[in-house]
Amino acid sequence: MLGAPFPARPLAVQPTSVPPSSPPRDHTLDACFLGPYGENDTLLEKLLVEFLRDHVYWRRNFHPEDPPAIGTAAAQHPDYLAFEARMRRELHQLSAALKRSVPFHSPRYIGHMASDLLLPGLAAQMLALPYNPNNVSEDSAPVTVEMEVQVGLQLARMLGYPHDPAQPACAFGHLTSGGTLANYQALRLALALKAFPLALRAARVPEIELPPDDWSAFNLAGADAITLLEAWQRWLAAQAPSARVRWLRAVEAERIEQRGLAGFFAAHPSLRVPRVFAPITAHYSWSKGVKLLGLGRDQLELVPTRGMRLDLDAFEARLAQCAREREPVLIAVAVLGSTEYGTIDPVDGVLAARERSRASGLDFAVHVDAAWGGYLATLFREEDGTLRPHEAVAAEFKYFPSTALHAAFGALGGTDSVTVDPHKLGYLPFGSGAFVCRDHRAMALLAERADYVFHGDAAPDYMTRYRGLGQYIPEGSKSGAAVAGVYVTHKVLPLDHRHFGRLPRATVRAAEAFYERALRFAGEQAGRLNVRVPFEPDSNLVCLALNPHGNRSPARANAFMRRLHATLRVDPHQPLQVKEFFGSVTTLRPDLLGGEETCRILASLGLDPGEADEPLLILRHTLMNPYLIDHENGISYIERYFDFLGRCTAALMTEERAA
Ligand SMILES: *Cc1c(COP(=O)(O)O)cnc(C)c1O
């Protein structure tokens with residue numbers, strides 16, 4: 001590992017300044033963040049002081065006749081002072097320790113999926129914290145539970161789902177601690193809906209038209225299963241009270257949630273435990289999810305990819321085989337922005353594959369894991385909620401979006417559910433992911449209490465139902481303050497291309513500038529360092545493969561990359577300032593890329609593919625910082641980064657030669 005920082009360049013010399021071809025500055029983004037320098041400190045301070053005072057007035061005005069419970073002289077007591085001193089001491093230590101945090105806010109941070117925080121969300125969350133709302137139910141969060149349901153509708157609109165709660169088939173969404181739990185909720189909902197028609201059959205519910213056998217009941221289209229659920233609810237409501245309770249108990253006793261996987265499949269011996277399909281690029285939360293649900297890791301099948309995007313031919317071949325062998329499929333996952341590469345699966349193709357599979361009697365839910373790329377959908381959304389044509393979006397960029405990408409975003413409305421992380425491209429504090437399903441009526445199957453039976457015909461309206469949020473979500477108590485942050489952000493920056501879309505627009509443009517700079521860098525380094533962009537970026541993640549010229553050994557290339565990564569990663573034993581830039585690495589896995597493509601890339605780097613016994617390490621850059629190009633001072637952090645990379649790799653190669 002390298003001890004000292006690399007020799008610094010003088011400030012703002014030619015190669016690090018903003019090239020004339022740079023994207024123009026968007027001034028509306030200036031008030032969005034605290035800023036790399038804390039430029040908007042007085043704005044945030046004013047807001048915080050204003051709303052802290054406001055909170056105190058609220059306390060005082062609750063029952064102004066109640067005298068202060070803490071005496072006015074209390075602050076002079078030695079015990080009080082001792083406590084304050086201890087608190088200060090610990091807070092000082094915390095504050096000092098936090099100085100070793102990762103500088104996500106800085107344009108020198110292009111590592112993982114984090115950046116500066118949007119001021120409206122940060123201020124709203126800080127404002128709401130002392131009220132401490134608990135979004136488990138409206139009893140403990142009369143204001144923020146409703147906001148959470150609204151956030152679900154805001155996201156539904158961005159995705160192209162029905163979002164009018166007055167319509168029966170409206171979408172529903174809620175927040176989670178993150179994408180991991182949202183993905184888990186997708187599995188839970190898909191299983192509940194798939195298994196429910198079998199419970200109706202097993203309980204021998206009369207007068208409702210049920211599928212003729214277990215296989216067809218387990219392969220109902222989601223919409224048909226919801227129709228069946230509604231027919232059952234209506235039928236039940238029409239029964240006399242005693243019969244109603246009896247029938248409800250009979251059906252509940254047959255449900256998978258009651259019997260568990262073991263009991264349920266024992267009761268339906270002709271059925272096998274269903275598979276879960278996800279591309280190899282899928283996040284490891286899917287592995288966690290199948291384990292948590294008790295399906296087991298064996299049921300998760302990772303579909304091959306081509307160029308890091310789900311291979312539709314391989315997927316369809318597996319579906320055909322499942323249909324032939326009567327192996328049920330629970331859900332197919334498409335990834336909208338893979339965690340490692342930012343690549344986007346053909347969501348439209350996955351839906352088309354399901355349509356064809358449906359004809360052969362095999363049906364399943366389609367979920368989109370858009371934890372990373374979800375907010376990119378704002379680029380494709382008009383203010384009136386319609387989809388923007390490809391040409392309109394493409395006119396704002398050099399390369400983005402390919403027609404395939406436009407088709408993937410345009411198809412989102414046809415899927416069953418989506419995961420989006422406000423704490424990623426939503427620029428909000430950690431602790432907020434979101435799950436959104438297209439038709440809220442399926443959610444009744446996740447309720448801890450079958451509420452419809454108590455209300456009979458007059459089923460509660462949408463808002464009333466979801467005020468008891470805790471019934472439907474995997475979590476219990478949860479932060480209403482985090483919800484307030486997301487809600488206010490979406491109000492200040494509505495989720496369309498004219499508002500929120502300004503942010504991803506700026507960063508995708510920066511990613512394009514980064515991509516072009518990387519190609520130029522490859523030319524500049526020719527004969528010294530072999531540099532390749534291993535595959536075309538889909539969004540704002542750009543990877544870079546490096547190999548010292550003349551080296552043919554993949555193992556040596558990886559050793560070189562590990563030393564380079566040491567200069568780019570957070571090191572708790574060194575002061576932050578030693579680091580010029582932060583980046584991350586990932587691997588170029590042949591199972592993701594395909595053997596042929598991997599060989600082609602290795603060969604283009606001058607590496608001997610025959611000798612690769614470990615996947616090649618590559619640099620991974622997340623370009624989500626809105627201040628990568630500083631027009632005011634004429635600095636491009638993209639130029640500076642490549643300047644740094646040139647110096648750093650040269651120094652490493654000199655060291656290697658000396659060793
Ligand atoms: C980040 C991510 C997740 C997991 O989300 P957390 O918020 O970290 O729980 C899941 N899927 C994808 C594609 C992701 O990028």
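Because only heavy atoms are used, hydrogens play no part in the values below, and waters and symmetry mates are left out as well, while side chains stay in. All ligand and atom numbering here is 1-based and tracks the order in the structure.
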For ligand 1, which atoms, with element, lie under 4.0 Å from some heavy atom of [X]?
X: Trp372; answer: 15 (O)
X: Ala371; answer: 2 (C), 3 (C), 10 (C), 11 (N), 12 (C), 14 (C)
X: Asp369; answer: 10 (C), 11 (N), 12 (C), 13 (C)
X: Gly337; answer: 13 (C)
X: Ser285; answer: 10 (C)
X: His423; answer: 7 (O)

If you measure from each non-hydrogen atom of Asp421 to ligand 1, which part falls under 4.0 Å: side chain, backbone, both or neither?
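Answer for Asp421: side chain.
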Asn183 and ligand 1 - part of the residue with a heavy-atom distance under 4.0 Å
side chain
[atom]: the protein heavy-atom neighbour that sits closest, reported with distance to 0.1 Å:
atom: atom 9 (O) of ligand 1; value: Thr180 OG1, 2.6 Å
atom: atom 2 (C) of ligand 1; value: Lys424 NZ, 2.3 Å
atom: atom 4 (C) of ligand 1; value: His283 CE1, 3.3 Å
atom: atom 6 (P) of ligand 1; value: Gly179 N, 3.3 Å

Geometric cation-pi criterion, Arg388 with Phe380: 6.0 Å, 45°
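The answer is no; the distance or angle limit is not met.
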Carboxylate-amine/guanidinium contact Asp416 Arg354, below 4.0 Å:
yes
Taking the side chain as C-beta and beyond, is there a heavy-atom pair between Tyr427 and Asp116 under 4.5 Å?
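Not in contact.
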In Å and rounded to the nearest 0.5 Å, what is the NE2 to CE distance from His174 to Met443?
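It comes to 4.5 Å.
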Selection residues 466-482 - residue pairs positive for salt bridge (charged side-chain N to carboxylate O under 4.0 Å, His left out), sequence neighbours left out
Glu138-Arg467, Glu146-Arg467, Glu148-Lys478
Centroid-centroid under 6.0 Å between Tyr466 and His440 rings:
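Judged by ring-centre distance (under 6.0 Å), Tyr466 and His440 do meet the cut-off.
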Output field: ring centroids Phe514/His621 closer than 6.0 Å
yes
Indicate the ring-plane relationship of Tyr637 and Phe581, choosing parallel, tilted or perpendicular according to the 30° and 60° boundaries.
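The arrangement is perpendicular - the two ring planes meet at more than 60°.
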Going by the rule ring-ring contact (aromatic ring centres under 6.0 Å, His included), which residues pair with Tyr627 if we only count those two or more places apart in sequence or in a different chain?
none
Closer than 4.0 angstrom: is that true for some heavy atom of Gly433 and an atom of ligand 1?
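No; Gly433 lies far enough from ligand 1 that no heavy-atom distance drops under 4.0 Å.
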